[in-house]
Asker: 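Below are the structure tokens for one structure; questions will follow.
Read the numbers this way: they start at 1 and go in the same order the structure lists the ligands and their atoms. Keep in mind that this is a model prediction, so the values were computed, not measured. In this chain, numbering begins with 1 at the start of the sequence shown.
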Amino acid sequence: MRIGILTGGGDAPGLNIAVYTLTKLLERRHEVYVVFHGWRGILDREVRRISSKDLLDFAFTGGTFIRTSRTNPFKDETRAEVFAKNLKELGLDVIVAIGGDDTLGAAAQTQARGLANVVGVPKTIDNDVYGTDYTIGFDTAVNEAIKVTESFKTTLISHERVGVVEVMGREAGWIALFAGLATMADFVAIPEKPVDWNVIANRTKEAYRDKRWALVIVSEGVKEYGGPKDEFGHSRLGGVGNELAQYIEKITGIETRAIIPGHIIRGASPTAFDRVLAIRFATEAYAAIEEGDYGKMVAYRGGDIVRIPITEVLGRNRLVSGYWLRLYEIYWGV
Ligand code: F6P
């Protein structure tokens, strides 16, 4: 078969390993192609035959060697027609779509319209893909957020200041929650648990009184500023950290600084967990292809790798809830 691999949406550490592993497994019996720039690569016909040897040098780096985009191939019917025509002419029998909910949504439509068989692999630092406990890239992003926060903390202690760290995550507070637990932040603000900023200021003041420094971690999705939207309708987020720091300083009178590591936590070399997760997901995607089990997404559930219908994960995000929200409440509940 002719099998295409693509990565869509924000890049995530571990993508290159997933692409490399898949290629290495598939090339034994099939022709493997990479589709550059996510779904845009079908529209632009940026598809190239690849061998695992071409990928090896980059396999363990962050980012995505085969590039990415936030292009929605089904944005309108005119585009969808070009997409269908190109896909037919390119003759790809199967597409492995490695992405978040948007990329996987386009994969589901590709399957539903009978344009190609698809297998989905979940990745995003946000960890918000429904149906899987973990996505490729999340663990690395958390570890990087911890590193940045720990460095920031040393200077907060030296100067006896309050610090606010804003982390990515979109509408899901996973990165903030995990980084907050791992650094025992004095307060963590997540979109799933809206809170009056006065509460945050008061908590900060109490913590400062005890130890003469304080740390707050805030998830970018706590406030939307209505920036430009991408083709899947997502607004650009970011900036709440600065606003929150100013607010805390105004209310408490304590000198407060904010840092926004932004994409830095997304571009790192993958952790052991993400490397192994990427390899396990790729291996399962390969098995699905060999078995002709299409329209599925591979997922991590309770330590096992399973396959679930890709349609099951669409239109909903995995947000901080259940056990994780209870853990949140124990430390930062109001
Ligand atoms: O979805 C991953 C993510 O890093 C989000 O956490 C963030 O809001 C967004 O992508 C940033 O996107 P961009 O790289 O387009 O600025």
Asker: Please check if the side chain of Trp39 supplies one atom and the backbone of Thr103 the other of a donor-acceptor pair under 3.5 Å.
Answerer: yes

Asker: Measure Asp230 to ligand 1 on non-hydrogen atoms and call it side chain, backbone, both or neither using the 4.0 Å cut-off.
Answerer: neither

Asker: Can His30 and Glu290 be counted as having a side-chain donor-acceptor contact under 3.5 angstrom?
Answerer: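 Short answer, yes.
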
Asker: Between His263, Arg266, Arg170, which one has a non-hydrogen atom sitting closest to atom 3 (C) of ligand 1?
Answerer: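 The residue whose heavy atom sits nearest atom 3 (C) of ligand 1 is Arg266.
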
Asker: Is it the case that over 12 heavy atoms from other parts of the model lie below 6.0 angstrom from the OH atom of Tyr331?
Answerer: no

Asker: Identify, by atom number and element, the atoms of ligand 1 in contact range of Glu220, meaning under 4.0 Å from any of its heavy atoms.
Answerer: 5 (C), 6 (O), 7 (C), 8 (O)

Asker: How far is atom 6 (O) of ligand 1 from the closest protein heavy atom, and which atom is that?
Answerer: Asp126 OD1, 2.7 Å

Asker: Using atom types as modelled and distance alone, determine if a side-chain donor or acceptor of Asn143 lies under 3.5 Å from a backbone N or O of Asp139.
Answerer: yes

Asker: Does ligand 1 come near enough to Gly169 that some N or O of the ligand is less than 3.5 Å from an N or O of the residue?
Answerer: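 Looking only at distances, the answer is yes, because the N/O contact criterion of under 3.5 Å is met.
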
Asker: When the ring centroid of Tyr134 is compared with that of Phe273, is the distance short of 6.0 Å?
Answerer: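 They qualify: ring centres under 6.0 Å apart.
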
Asker: Above 12 or not: heavy atoms from other molecules or residues under 6.0 Å from NZ of Lys153?
Answerer: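 Buried by this count: over 12 neighbours within 6.0 Å.
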
Asker: Going by the atom numbers of ligand 1, which of them fall below 4.0 Å from some non-hydrogen atom of Arg70?
Answerer: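 Those atoms are 9 (C), 10 (O), 11 (C), 12 (O), 13 (P), 14 (O), 15 (O).
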
Asker: Can His234 be said to touch ligand 1, with heavy atoms closer than 4.0 Å?
Answerer: no

